[in-house]
Each structure stands twice: as structure tokens, then as C-alpha cells.
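What follows is a short report on a single structure.
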Amino acid sequence: MADEERAEQLRVRLAAVHARIADAAASAGRARDDVTLVVVTKTWPASDIRALHDLGVRDIGENRHPEAETKAEELAALHLTWHFIGQIQSNKAPRIAGYADVVHSVDSVRLAQRLNAGAHSRGRVIECFVQVSLDPVDQSARGRGGVVASELDEVADAVSSSEALKLCGVMGVAPLGGDAAEAYDRLAVISQRLRAGHPEATAISAGMTGDYLEAISAGATHVRVGSAILGERRPLR
Ligand SMILES: *Cc1c(COP(=O)(O)O)cnc(C)c1O
């Protein structure tokens, strides 16, 4: 597809997503500015991110290192906020701390420590969401990642006491084939509980292409939308 044609396709789809976010925010009685759209560009080329930047997008989501690092380096001249949204092996954390501005998937004390060390050594500060498992309790071991409720305080404390990390809230991924609205309502309750001890942790990262409207009704402040804007991804591997 020619560059102009792709840019036009992205423009139309991005406008549609923005319109749906505005509607969902309005129906939930929330301000439009309450919701940040993170455009998830994993598997898509840097040229798409450039086109999105030209359309006013500043928040970019990626879930794999080193794909994310390569794009962030190539596009370093653009003013973009890089959101890392995928599971992180802690040995990769120092590298990810070199380019990620926001990490949505902090799920262990060890990972927080490694991100902090990496950010600190580069004089950077990373905003962190603690990822909470929304899978049924008996399935969380083979689910979609995140801490179980009993581990949340420990990981949140590790983030908030780290000099180079800033705790901004919780993140969740709805269970596959489950009831997304119910899962995001649970995440909102977990967020409220966390804020009792960490009043600064007001953000909620929830919602993807299939369920971002439900997430906004439940209080999401950050929605992570990929395929509704970029198109269907080819299966990874
Ligand atoms: C890929 C991904 C998304 C975006 O998914 P779409 O269905 O393409 O919108 C959101 N969150 C996470 C954690 C992802 O890995």
C-alpha cells in the first residue's frame, strides 16, 4: 500500500476510535481528557508510527523487546511517549528502562528493582502500572500475567519506594473469553483499594480493541488499542 493511502487509512480509523472514546466517556459522565489513547503498534513498522505521529498521536504502545527498542531508537527525534505493555523477563529490564517512559506490566518486586536500577543509572524516571491478574483464581498461573491481589501491595510499595520509578496505578487484561465488563469492574475496585495507601496511583490501564468501551465505563484512564487502528496483526510465530 502506498504511504499516502496507508496514512489515510490510519487517519480514518484513528478518528473513529477517538469518536468512540469520546462517546464512551460522555455516557460514563467522564471528561474526554480523562482517557489517554495508547496506540499499540507491535508488529507494525516504524513508518506507521511516523504516520501516526503526523496525525497527532504521541502515546505509542509496544510489547516486545527488542522490537520496541529498535523503533524507539529509529524514531528518537520524534516527541513520543513509549509505553511498554508486555511481559518483561527481569534480565531485559535494564535495557527496557533505557527507552520506555511508561511500563504497564510491572508484576514483581524484582522487576521493579531492575527497572529502577536501569532508569537510575541513566538519569531517567519511569512511570509504572502494576499489572493485576484478572483471571479466575484457579487459572492465574496460565493466564494473562499480573500479580494476584495478595501481592499487589508488596509490588506497589516496591515501585513507590524506588527513586527512579513513579507509581501511577494498575493495569489489567480481561480474561480470554471472559466477561470484560465484570473484569474491569473488579480492576476498579482493586484500584480504589490501592489508592487508600497510595493516593497518587490514580491511573487505570484497561481495554483493548475488543473491549475499550467497557473499560472506559469502568473507569479506565488509559486504553491500549492496536488492531482497530493499524489492522489485524499477522499471528506472532
Ligand atoms: C496487543 C496488546 C493490546 C492491543 O490489542 P488490540 O486487540 O490489537 O487492540 C493491548 N494490550 C496488550 C497488553 C497487548 O499486548
Side-chain angles (χ1 to χ4, degrees), residues 10-41 49 52-53 55-63 79-86 100-106 125-134 144 146-147 149 152 155-156 159-160 165-174 179-230:
L10 293 174
R11 187 187 67 75
V12 169
R13 291 181 184 156
L14 178 68
V17 169
H18 273 302
R20 298 186 75 200
I21 290 173
D23 283 352
S27 340
R30 302 180 56 203
R32 170 65 187 85
D33 290 355
D34 243 26
V35 184
T36 299
L37 169 63
V38 177
V39 181
V40 178
T41 50
I49 302 177
L52 289 163
H53 176 269
L55 294 166
V57 172
R58 296 294 177 265
D59 292 280
I60 297 293
E62 288 281 338
N63 76 334
H79 286 283
L80 293 170
T81 298
W82 292 90
H83 297 253
F84 198 94
I85 62 173
D101 301 295
V102 187
V103 172
H104 291 237
S105 44
V106 179
V125 172
I126 301 177
E127 292 189 27
C128 294
F129 289 83
V130 178
Q131 184 176 350
V132 177
S133 171
L134 299 177
R144 311 195 75 189
V147 300
L152 173 60
V155 178
V159 170
S160 71
L165 305 181
K166 188 171 167 287
L167 179 67
C168 53
V170 290
M171 181 274 226
V173 178
D179 177 346
E182 180 276 326
Y184 294 143
D185 283 344
R186 270 189 287 134
L187 185 62
V189 172
I190 292 166
S191 162
Q192 200 166 21
R193 216 199 68 213
L194 177 67
R195 274 179 280 159
H198 295 279
E200 75 283 15
T202 53
I204 300 178
S205 168
M208 322 191 349
T209 289
D211 57 25
Y212 64 97
L213 303 178
E214 287 89 337
I216 291 167
S217 331
T221 60
H222 291 67
V223 294
R224 311 176 307 268
V225 179
S227 39
I229 297 166
L230 288 124

Subject >> Partner set under side chain to side chain donor-acceptor pair (under 3.5 Å) for Ser160, not counting sequence neighbours >> reply: none
Original post:
Side-chain contact, heavy-atom cut-off 4.5 Å: Ile190 with Leu194?
Top reply: no
**OP:** Measure the CD-CG distance between Glu200 and Leu167 for me, rounded to the nearest 0.5 Å.
**Re:** 5.0 Å
Original post:
Is a side-chain donor or acceptor of Arg11 paired with a backbone partner of Leu55 at a separation under 3.5 angstrom?
Top reply: no
**OP:** State which residues pass side-chain contact (heavy atoms from CB on, under 4.5 Å) with Thr209; sequence neighbours excluded, sorted by chain then number.
**Re:** Val225, Ser227, Ala228
Original post:
Between Val57 and Leu14, what is the shortest heavy-atom contact and its length?
Top reply: CG2-CD2, 3.6 Å
**OP:** State which residues pass salt bridge (charged side-chain N to carboxylate O under 4.0 Å, His left out) with Asp185; sequence neighbours excluded, sorted by chain then number.
**Re:** none
**OP:** Taking all heavy atoms of Ala25 and all of Ala31, pick out the closest pair and write down the distance.
**Re:** CB-O, 4.2 Å
**OP:** Without swapping roles, check the side chain of Ser105 against the backbone of Gly86 for a donor-acceptor pair under 3.5 Å.
**Re:** yes
Subject >> Any residue meeting side-chain contact (heavy atoms from CB on, under 4.5 Å) with Val40, in chain and number order, not counting sequence neighbours >> reply: Lys42, Ile85, Arg224
Subject >> Residues in side-chain contact (heavy atoms from CB on, under 4.5 Å) contact with Ala181, at least two apart in sequence or another chain >> reply: Asp179, Glu214
**OP:** Could you list the residues that satisfy salt bridge (charged side-chain N to carboxylate O under 4.0 Å, His left out) with Arg58, not counting sequence neighbours?
**Re:** none
**OP:** Determine, step by step, whether Val39 and Leu230 satisfy the side chain to side chain contact (heavy atoms under 4.5 Å, CB included) criterion, reporting the C-alpha distance in whole Å, the side-chain angles of both residues, the deciding distance to 0.1 Å, and the verdict.
**Re:** CA-CA 9 Å; Val39 181; Leu230 288 124; 3.8 Å; yes
Original post:
Less than 4.5 Å apart, any side-chain heavy atom of Asp59 and any of Leu37?
Top reply: no
Subject >> All ring pair (Phe, Tyr, Trp, His ring centres under 6.0 Å) counterparts of Phe129, not counting sequence neighbours >> reply: His104, His222
**OP:** Applying salt bridge (charged side-chain N to carboxylate O under 4.0 Å, His left out), name anything that partners Arg20, two or more places apart in sequence or on another chain.
**Re:** none
Subject >> Test item: Leu187 and Leu134 side chains (from C-beta on) under 4.5 Å apart, heavy atoms >> reply: yes
**OP:** Kindly write out the residues that satisfy salt bridge (charged side-chain N to carboxylate O under 4.0 Å, His left out) with Arg195, not counting sequence neighbours, or none if the list is empty.
**Re:** none
**OP:** State which residues pass side chain to side chain donor-acceptor pair (under 3.5 Å) with Arg193; sequence neighbours excluded, sorted by chain then number.
**Re:** none
**OP:** For residues Ser191 and Ala201, report the shortest heavy-atom separation together with the two atoms involved.
**Re:** OG-O, 4.5 Å
Original post:
Quick one: are Val170 and Leu152 in side-chain contact, heavy atoms under 4.5 Å?
Top reply: yes
Original post:
Does Arg13 use its side chain to pair, donor to acceptor, with the backbone of Ile229 at less than 3.5 Å?
Top reply: yes
Original post:
How far apart are the closest heavy atoms of Val223 and Ala206, and which atoms are they?
Top reply: CG1-O, 3.4 Å
Subject >> Full working for side chain to side chain contact (heavy atoms under 4.5 Å, CB included) between Tyr212 and Val17 >> reply: CA-CA 10 Å; Tyr212 64 97; Val17 169; 3.7 Å; yes
**OP:** Go through Val173 and Gln131 one step at a time and tell me if the side chain to side chain contact (heavy atoms under 4.5 Å, CB included) criterion holds.
**Re:** CA-CA 8 Å; Val173 178; Gln131 184 176 350; 3.9 Å; yes
Original post:
Is any side-chain heavy atom of Asp211 less than 4.5 Å from a side-chain heavy atom of Tyr184?
Top reply: yes
Subject >> Residue pair Phe84 / Ile126, side-chain heavy-atom distance below 4.5 Å >> reply: no
**OP:** Check Ile204 against Ala188 and note the closest heavy-atom contact, atom names and distance.
**Re:** CD1-CA, 4.3 Å
Subject >> Test item: His83 and Glu127 side chains (from C-beta on) under 4.5 Å apart, heavy atoms >> reply: no
**OP:** Looking only at non-hydrogen atoms, find the nearest pair between Asp101 and Leu80 and report the distance.
**Re:** OD2-O, 3.7 Å
Subject >> All side-chain contact (heavy atoms from CB on, under 4.5 Å) counterparts of Asp23, not counting sequence neighbours >> reply: none
**OP:** For Glu182, check side chain to side chain donor-acceptor pair (under 3.5 Å) against everything at least two apart and list the hits.
**Re:** Arg186
